[in-house]
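For this chain, numbers begin at 1 and follow the sequence in order.
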Amino acid sequence: MARYGILVYSPAPADPMDFTPDYMRMLERYPAQVEELGGRIVAGFALHPSTTATSVRGDVVTDGPFAEAKEVVAGFYVLEAPDLDMALRIAKLNPAVRDGGVEVRPLFAG
(Lines give C-alpha, C1' and ligand atoms only; values in the text may rest on other atoms or scores of the structure.)
Protein backbone atom coordinates (compact mmCIF):
# COMPACT_ATOMS: atom_id res chain seq x y z
CA MET A 1 0.00 0.00 0.00
CA ALA A 2 1.06 3.57 -0.61
CA ARG A 3 2.01 5.78 2.33
CA TYR A 4 0.92 9.36 2.86
CA GLY A 5 1.98 12.02 5.32
CA ILE A 6 -1.06 13.74 6.78
CA LEU A 7 -0.34 17.16 8.26
CA VAL A 8 -3.06 18.33 10.64
CA TYR A 9 -3.73 22.08 10.87
CA SER A 10 -5.63 23.73 13.71
CA PRO A 11 -6.24 27.30 14.82
CA ALA A 12 -3.18 28.71 16.63
CA PRO A 13 -1.82 27.89 19.14
CA ALA A 14 -3.29 24.37 18.61
CA ASP A 15 -3.01 23.20 22.20
CA PRO A 16 -4.09 19.53 22.43
CA MET A 17 -5.02 20.11 26.08
CA ASP A 18 -7.85 22.38 24.87
CA PHE A 19 -9.72 19.64 22.94
CA THR A 20 -13.40 19.52 23.78
CA PRO A 21 -14.97 16.24 24.91
CA ASP A 22 -16.86 16.12 21.59
CA TYR A 23 -13.62 16.51 19.62
CA MET A 24 -11.95 13.80 21.72
CA ARG A 25 -14.81 11.40 20.95
CA MET A 26 -14.37 12.07 17.22
CA LEU A 27 -10.61 11.48 17.52
CA GLU A 28 -11.20 8.20 19.32
CA ARG A 29 -13.53 6.99 16.52
CA TYR A 30 -11.21 8.06 13.71
CA PRO A 31 -8.83 5.02 13.67
CA ALA A 32 -11.77 2.63 13.29
CA GLN A 33 -13.16 4.74 10.44
CA VAL A 34 -9.76 4.63 8.73
CA GLU A 35 -9.65 0.83 8.97
CA GLU A 36 -13.24 0.49 7.70
CA LEU A 37 -12.11 2.25 4.51
CA GLY A 38 -9.11 -0.04 4.10
CA GLY A 39 -6.45 2.30 5.47
CA ARG A 40 -4.10 2.05 8.42
CA ILE A 41 -2.49 4.71 10.58
CA VAL A 42 1.15 3.67 10.88
CA ALA A 43 2.19 6.33 13.42
CA GLY A 44 0.78 9.62 14.62
CA PHE A 45 1.83 12.44 16.88
CA ALA A 46 0.18 15.54 18.34
CA LEU A 47 2.49 18.51 18.76
CA HIS A 48 2.74 20.82 21.76
CA PRO A 49 1.18 24.27 21.12
CA SER A 50 2.87 26.49 18.53
CA THR A 51 3.87 28.83 21.38
CA THR A 52 6.46 26.21 22.40
CA ALA A 53 8.15 26.18 18.97
CA THR A 54 11.71 27.24 18.31
CA SER A 55 12.62 28.18 14.74
CA VAL A 56 16.01 27.92 13.07
CA ARG A 57 16.89 29.94 9.95
CA GLY A 58 20.52 29.55 9.04
CA ASP A 59 22.47 30.51 12.17
CA VAL A 60 19.55 32.41 13.74
CA VAL A 61 17.47 30.67 16.42
CA THR A 62 14.25 32.36 17.58
CA ASP A 63 11.36 31.51 19.88
CA GLY A 64 8.05 30.83 18.19
CA PRO A 65 6.80 29.12 15.06
CA PHE A 66 8.50 29.45 11.67
CA ALA A 67 5.77 31.81 10.42
CA GLU A 68 2.96 33.74 12.09
CA ALA A 69 -0.31 32.20 10.98
CA LYS A 70 -3.92 31.77 12.06
CA GLU A 71 -3.55 28.02 11.58
CA VAL A 72 -0.52 25.97 12.57
CA VAL A 73 0.60 22.37 12.22
CA ALA A 74 -0.91 20.65 15.24
CA GLY A 75 0.24 17.12 14.48
CA PHE A 76 0.92 14.59 11.79
CA TYR A 77 0.48 10.93 11.02
CA VAL A 78 1.53 8.39 8.45
CA LEU A 79 -1.33 6.71 6.65
CA GLU A 80 -1.23 3.58 4.53
CA ALA A 81 -3.99 3.57 1.91
CA PRO A 82 -4.56 1.75 -1.39
CA ASP A 83 -4.31 5.00 -3.39
CA LEU A 84 -4.55 8.80 -3.20
CA ASP A 85 -8.32 8.80 -3.71
CA MET A 86 -8.79 6.62 -0.65
CA ALA A 87 -6.27 8.67 1.34
CA LEU A 88 -8.33 11.78 0.56
CA ARG A 89 -11.58 10.06 1.58
CA ILE A 90 -9.95 9.10 4.86
CA ALA A 91 -8.48 12.58 5.38
CA LYS A 92 -11.93 14.17 4.96
CA LEU A 93 -13.11 12.21 8.02
CA ASN A 94 -10.40 13.70 10.27
CA PRO A 95 -12.01 15.90 12.95
CA ALA A 96 -9.51 18.68 12.20
CA VAL A 97 -11.30 19.53 8.95
CA ARG A 98 -14.12 21.10 11.01
CA ASP A 99 -12.14 24.17 12.07
CA GLY A 100 -8.73 23.66 10.52
CA GLY A 101 -7.72 21.24 7.82
CA VAL A 102 -5.40 18.48 6.75
CA GLU A 103 -2.81 18.24 4.02
CA VAL A 104 -2.22 14.92 2.30
CA ARG A 105 1.21 14.32 0.77
CA PRO A 106 2.58 11.13 -0.75
CA LEU A 107 5.71 9.85 0.97
CA PHE A 108 8.76 8.81 -0.97
CA ALA A 109 9.08 5.04 -1.05
CA GLY A 110 12.31 3.55 -0.03
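- Closest approach of L47 to V73, counting heavy atoms only: CD1-O, 3.6 Å.
- The two residues S50 and P65 come nearest to each other via the heavy atoms O-CD, 3.6 Å.
- The distance from the CG atom of L27 to the CZ atom of R25 is 11.5 Å, given to the nearest 0.5 Å.
- Looking only at side-chain heavy atoms (C-beta outward), M86 and E80 stay at 4.5 Å or farther from each other.
- Under the 4.5 Å side-chain heavy-atom criterion for Ile, Leu, Val, Met, Phe, Trp and Tyr, L37 and M26 are members of distinct hydrophobic clusters.
- Residues D85 and R89 are not in side-chain contact: their nearest non-hydrogen atoms beyond the backbone lie 4.5 Å or more apart.
- Taken to the nearest 0.5 Å, the CD1 atom of I6 stands 9.0 Å off from the CD1 atom of I41.
- Both L84 and L93 sit in one connected hydrophobic cluster of ILVMFWY residues. Membership requires side-chain heavy atoms under 4.5 Å apart, directly or through other members.
- Transitive grouping of hydrophobic side chains (ILVMFWY, heavy atoms separated by less than 4.5 Å) brings L79 and V104 into a common cluster.
- No side-chain heavy atom of P31 sits less than 4.5 Å from a side-chain heavy atom of E35.
- Residues R98 and D22 form a side-chain contact, since some pair of their non-hydrogen atoms from C-beta on lies under 4.5 Å apart.
- By the 4.5 Å heavy-atom criterion applied to side chains, Y4 and I90 are not counted as neighbours.
- Rounding to the nearest 0.5 Å gives a distance of 7.0 Å between CE of M24 and CZ of F19.
- Of the possible polar contacts, one joining the S55 side chain to the G64 backbone as a donor-acceptor pair under 3.5 Å is found.
- Linking ILVMFWY side-chain heavy atoms closer than 4.5 Å, directly or via other members, places M1 and L88 in two distinct hydrophobic clusters.
- By the criterion of side-chain heavy atoms lying less than 4.5 angstrom apart, applied directly or through intervening Ile, Leu, Val, Met, Phe, Trp or Tyr residues, V42 is not grouped with V34; the two fall into different hydrophobic clusters.
- Note: Y77 and Y30 have perpendicular aromatic rings, judged against thresholds of 30 and 60 degrees for the angle between ring planes.
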